[in-house]
Chemist: 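Please see the structure below; I have some questions.
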2 protein chains.
Amino acid sequence: MKKNVTISDVAKQAEVSKTTISRYLNGRFGNMSAETKDRIEQVISDLNYRPNRQAQALKSKRSYLIGVIVSDISNMYSSLLLKGIGEVLGDAGYQMIIMDAANSIEKEQDLLHKLIDQSVEGIILQPSSREASHYQFIKDENIPLLLVDRGIEPLIFPLVTTDNEDATKKMLTLILEKKYERIVVISEPLADIVTREIRYQSIKETVKRRKCLLNLVEVTKETNLKNEIKKSLSYSEKTVIFASNGKMLMEILTILITEGIEIPEKIGVTGFDDWNLSALVGPGITSIEQQTQKIGNVSGKQMLAYLEDEEKKDETRIVTADIMNRNSL
Amino acid sequence: MKKNVTISDVAKQAEVSKTTISRYLNGRFGNMSAETKDRIEQVISDLNYRPNRQAQALKSKRSYLIGVIVSDISNMYSSLLLKGIGEVLGDAGYQMIIMDAANSIEKEQDLLHKLIDQSVEGIILQPSSREASHYQFIKDENIPLLLVDRGIEPLIFPLVTTDNEDATKKMLTLILEKKYERIVVISEPLADIVTREIRYQSIKETVKRRKCLLNLVEVTKETNLKNEIKKSLSYSEKTVIFASNGKMLMEILTILITEGIEIPEKIGVTGFDDWNLSALVGPGITSIEQQTQKIGNVSGKQMLAYLEDEEKKDETRIVTADIMNRNSL
DNA sequence: CTGAAAGCGCTAACAT
DNA sequence: ATGTTAGCGCTTTCAG
């Protein structure tokens with residue numbers, strides 16, 4: 001059981017003042033004799049001294065902590081996102097405090113406060129709500145907030161996200177080329193998340209000018225997804241299911257495959273794939289693959305930019321997605 | 001731009017001393033007049049006061065921070081693990097500082113030090129090395145360390161993990177029932193991680209007493225996996241590929257499927273599946289599905305137990321895995 | 001080139 | 001039932 005060695009211990013041992021040690025720690029050897037410097041270096045390594053971050057933060061107002069809140073950490077999207085953010089932030093000497101809102105907006109509010117209590121220098125948030133008012137207080141706290149993946153309304157913070165509209169429209173082109181006559185969009189509730197709405201509206205707009213029919217299924221806990229899929233199979237028109245995110249896509253595929261429904265013979269399937277696994281599933285699923293890790297990288301860089309220059313804010317960054325043409329249409 | 005309100009501001013406003021506020025914050029209303037209590041409550045909410053965690057930690061030696069290091073956060077295993085840990089720790093009022101060792105043992109060492117610098121109260125680690133000596137210093141620091149998923153040698157810290165040996169042997173029974181004559185184990189290098197070794201040895205032991213042949217392919221960056229699979233296909237005996245973890249399984253399946261190799265007609269495939277997605281792939285992959293989120297839950301609980309009672313240490317916990325019998329054998 | 005002293009925001013004896 | 005006082009481990013003027 002080793003007792004904690006503090007800056008005072010080092011100072012005593014090196015026969016200098018705490019001030020000098022502090023200078024050393026912060027790389028301010030501006031005018032420090034080479035010998036004191038060497039002596040301090042020696043003592044620090046002898047004593048195995050490491051400065052206490054909490055104390056440093058308390059005094060200097062620099063915590064080198066960035067808070068990150070994802071809406072659901074068990075989602076593959078989060079993994080890749082966190083990987084991407086972590087790469088950039090880690091290299092810059094920042095630590096991430098990662099938290100999981102578990103799809104609860106109450107929990108998310110609580111976590112935001114907890115992050116602030118920890119004196120984080122910035123927050124990267126994948127919001128669980130589209131309501132800007134929920135996040136206004138962070139602006140008042142004067143702490144940089146960067147949204148990722150999903151926007152809010154109005155968009156009072158910068159955002160890094162996929163080119164949802166563009167990718168959706170490109171996929172629509174593919175669908176229409178294949179002469180589909182009806183599109184069934186299966187999505188989690190549109191009202192909660194702007195991204196879902198954007199994806200749906202993009203489809204709606206494109207379809208409007210064609211002779212293609214459109215259905216929307218909003219999936220909640222009460223929804224019997226199997227029944228909805230059966231219904232989609234019953235249409236007389238040539239039909240395709242469009243999954244609005246990776247979670248939906250996988251649930252749909254699970255049903256289709258376990259029920260032995262042939263893709264694309266019986267029904268076409270496509271949508272957004274967060275997992276980038278759709279190459280392996282069924283006949284290979286034609287899908288929109290987001291560059292999630294890159295979104296993370298970009299977010300990290302944006303955050304660093306804000307941190308060093310408050311004025312660099314409010315620039316939204318769009319990351320393109322890849323349209324993967326496989327065999328499910 | 002709101003200036004930070006401190007305990008002193010609250011004390012002044014409520015016309016009591018900081019001590020009293022502190023008592024209030026820590027729920028020690030033992031003997032506090034109802035009216036002061038109410039007044040403080042009022043002032044705190046008026047001022048929108050929130051105590052500074054760093055200052056609290058500095059003084060009280062309680063940070064309520066638990067460090068978690070995963071070997072690769074982009075791996076689905078991490079997602080579910082973190083979900084599981086977070087559920088338990090969050091409910092108990094702890095925050096996680098999650099870090100990604102990115103499969104680098106040097107980085108992992110660095111991160112461990114950084115966690116200690118942050119005054120974490122405990123560390124949950126999915127180790128990137130099997131060498132106990134790398135972690136000895138944590139014992140010296142007297143901070144609770146809990147290993148998860150993978151052990152080290154010797155096992156000087158408690159561990160929460162899957163019943164690797166048991167699950168592997170059960171799967172072997174299935175394989176042998178299907179009259180396979182040769183098993184090709186495809187694994188990342190055994191030498192690095194104990195779990196890999198355990199899985200392989202379990203197979204080896206079981207196979208020894210049968211007339212079944214066994215090959216081992218250790219995959220590094222230099223390995224051409226496609227060639228190895230081709231080789232597996234060339235054997236005259238009825239052959240099955242056993243993937244030692246989810247990452248390998250998915251890489252193998254990707255090759256098999258894109259090359260159009262029929263499963264199980266041309267070759268059987270099975271192994272450990274971290275993603276729990278193998279139901280969707282190809283004909284449905286018979287695999288070992290770990291209860292990763294549960295492993296996380298158990299780890300969280302173990303950590304809480306250590307925190308409140310140092311003596312509860314050194315108890316290794318085994319979580320069973322599920323053998324999913326599908327159509328790839 | 002170096003140190004003394006004050007204080008960051010909070011908690012915890014020890015008083016009263 | 002509440003206040004006084006002394007720090008936690010560090011950084012930072014201000015002096016020399």
Side-chain angles (χ1 to χ4, degrees), chain A residues 2-41 43-44 47-65 113-114 116-121 141, chain B residues 2-41 43-44 47-65 113-114 116-121 141:
Chain A
K2 166 181 120 182
K3 80 173 217 296
N4 256 328
V5 12
T6 77
I7 201 175
S8 301
D9 301 327
V10 179
K12 211 166 297 169
Q13 185 88 281
E15 296 175 300
V16 291
S17 74
K18 293 191 298 178
T19 313
T20 307
I21 308 296
S22 177
R23 287 200 184 100
Y24 176 91
L25 292 176
N26 295 284
R28 301 151 67 122
F29 327 98
N31 7 12
M32 185 182 303
S33 70
E35 43 182 335
T36 12
K37 185 177 160 186
D38 290 350
R39 193 149 28 93
I40 292 175
E41 186 169 3
V43 172
I44 285 184
L47 264 42
N48 208 346
Y49 166 73
R50 304 208 111 225
N52 177 320
R53 297 308 226 124
Q54 317 248 20
Q56 286 185 316
L58 183 58
K59 186 69 217 188
S60 67
K61 306 293 178 203
R62 303 280 283 125
S63 68
Y64 290 96
L65 253 27
H113 284 293
K114 290 203 162 128
I116 296 171
D117 296 347
Q118 294 286 353
S119 315
V120 294
E121 295 187 27
E141 297 275 356
Chain B
K2 164 182 121 182
K3 81 173 217 294
N4 257 327
V5 13
T6 76
I7 201 173
S8 300
D9 301 327
V10 179
K12 213 167 295 169
Q13 184 88 281
E15 296 178 298
V16 291
S17 74
K18 293 191 298 177
T19 314
T20 307
I21 308 295
S22 177
R23 287 199 185 101
Y24 175 91
L25 292 176
N26 294 284
R28 301 150 67 122
F29 327 98
N31 7 11
M32 185 182 304
S33 71
E35 43 181 337
T36 19
K37 184 176 160 186
D38 290 350
R39 192 149 28 93
I40 292 175
E41 186 170 1
V43 173
I44 285 183
L47 264 43
N48 208 348
Y49 166 73
R50 305 207 111 225
N52 176 320
R53 296 309 224 126
Q54 318 248 21
Q56 286 185 315
L58 183 57
K59 186 69 220 189
S60 67
K61 306 294 179 203
R62 302 281 282 124
S63 68
Y64 290 96
L65 253 28
H113 284 294
K114 291 205 161 126
I116 295 172
D117 296 347
Q118 293 287 355
S119 316
V120 295
E121 295 189 26
E141 295 276 356

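Side-chain atoms are counted along with the backbone in the values below, which use heavy atoms only and exclude waters and symmetry mates. Chain naming here is simple, since letters A, B, ... match the order of the sequence lines and numbering starts at 1 in each.
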Chemist: Kindly say if B:Thr6 contacts the phosphate of C:dG9, meaning a side-chain N or O under 4.0 Å from OP1 or OP2.
Modeler: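 Answer is no, no contact under 4.0 Å.
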Chemist: Can you measure A:Ile40 atom CD1 to C:dT2 atom C1' for me and round it to whole angstrom units?
Modeler: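 My rounded result for the distance is 10 Å.
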Chemist: Got a donor-acceptor contact below 3.5 angstrom from the A:Ser119 side chain to the A:Ser63 backbone?
Modeler: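 Pair absent, no side-chain N/O of A:Ser119 close to backbone of A:Ser63.
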Chemist: Taking A:Arg28's backbone N and O only, do any of them form a donor-acceptor pair with A:Asn26's side chain (distance below 3.5 Å, no angle check)?
Modeler: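 Judged by distance alone, no pair lies under 3.5 Å.
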Chemist: Between the base of C:dG7 and the side chain of A:Lys59, is one N or O donor paired with an acceptor at under 3.5 angstrom?
Modeler: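 Between C:dG7 and A:Lys59, which were checked side chain against base, a qualifying N/O pair under 3.5 Å is present.
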Chemist: If we ignore hydrogens and angles and just use 3.5 Å, is the side chain of B:Arg39 paired with the main-chain N or O of B:Ala14 as donor and acceptor?
Modeler: yes
Chemist: Between atom OH in B:Tyr24 and atom P in C:dA12, what is the gap in whole Å?
Modeler: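 The answer, rounded to whole Å, is 18 Å.
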Chemist: Return the value, rounded to whole Å, for the distance between atom CZ of B:Arg62 and atom C1' of D:dG9.
Modeler: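 So the CZ-C1' distance, B:Arg62 to D:dG9, works out to 19 Å.
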Chemist: Provide, to the nearest angstrom, the distance between the CG atom belonging to B:Leu58 and the P atom belonging to D:dA6.
Modeler: 18 Å
Chemist: Ring of B:Tyr64, cation from B:Arg62 - is the NZ or CZ under 6.0 Å from the centre and inside 45° of the axis?
Modeler: yes
Chemist: Does a distance-only test, which skips hydrogens and angles, find a donor-acceptor pair under 3.5 Å between the side chain of A:Arg23 and the base of C:dG3?
Modeler: yes
Chemist: Would you indicate which nucleotide in D:dT2, C:dA12, D:dT12 comes nearest to any side-chain atom of B:Ser60?
Modeler: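 Nearest to the side chain of B:Ser60 among the choices is C:dA12.
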Chemist: Nearest 0.5 Å, what's the CZ-CG distance between A:Arg53 and A:Leu58?
Modeler: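 With rounding to 0.5 Å, CZ (A:Arg53) is 13.5 Å from CG (A:Leu58).
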Chemist: Considering only side-chain heavy atoms of A:Asn52, which listed nucleotide, D:dT2, D:dG9, C:dT2, is closest?
Modeler: D:dG9
Chemist: Return the nearest nucleotide to the side chain of A:Gln56; candidates are D:dC8, C:dC8, D:dC10.
Modeler: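 From the listed options, D:dC10 comes nearest.
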Chemist: Calculate the interatomic distance between B:Arg53 atom CZ and C:dT11 atom P; express it in whole Å.
Modeler: 10 Å
Chemist: Distance check needed: C:dC1 P versus A:Arg39 CZ, whole Å only.
Modeler: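 Distance check: A:Arg39 CZ to C:dC1 P gives 14 Å.
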Chemist: For the pair made of NZ in B:Lys18 and P in D:dA6, what is the distance, rounded to whole Å?
Modeler: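 The answer, rounded to whole Å, is 13 Å.
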Chemist: Between C:dA12 and B:Thr19, counting only base atoms on the nucleotide and side-chain atoms on the residue, is there a donor-acceptor pair under 3.5 Å?
Modeler: yes
Chemist: Of the nucleotides D:dC8, C:dG3, C:dT2, which one has an atom closest to the side chain of A:Thr36?
Modeler: C:dT2
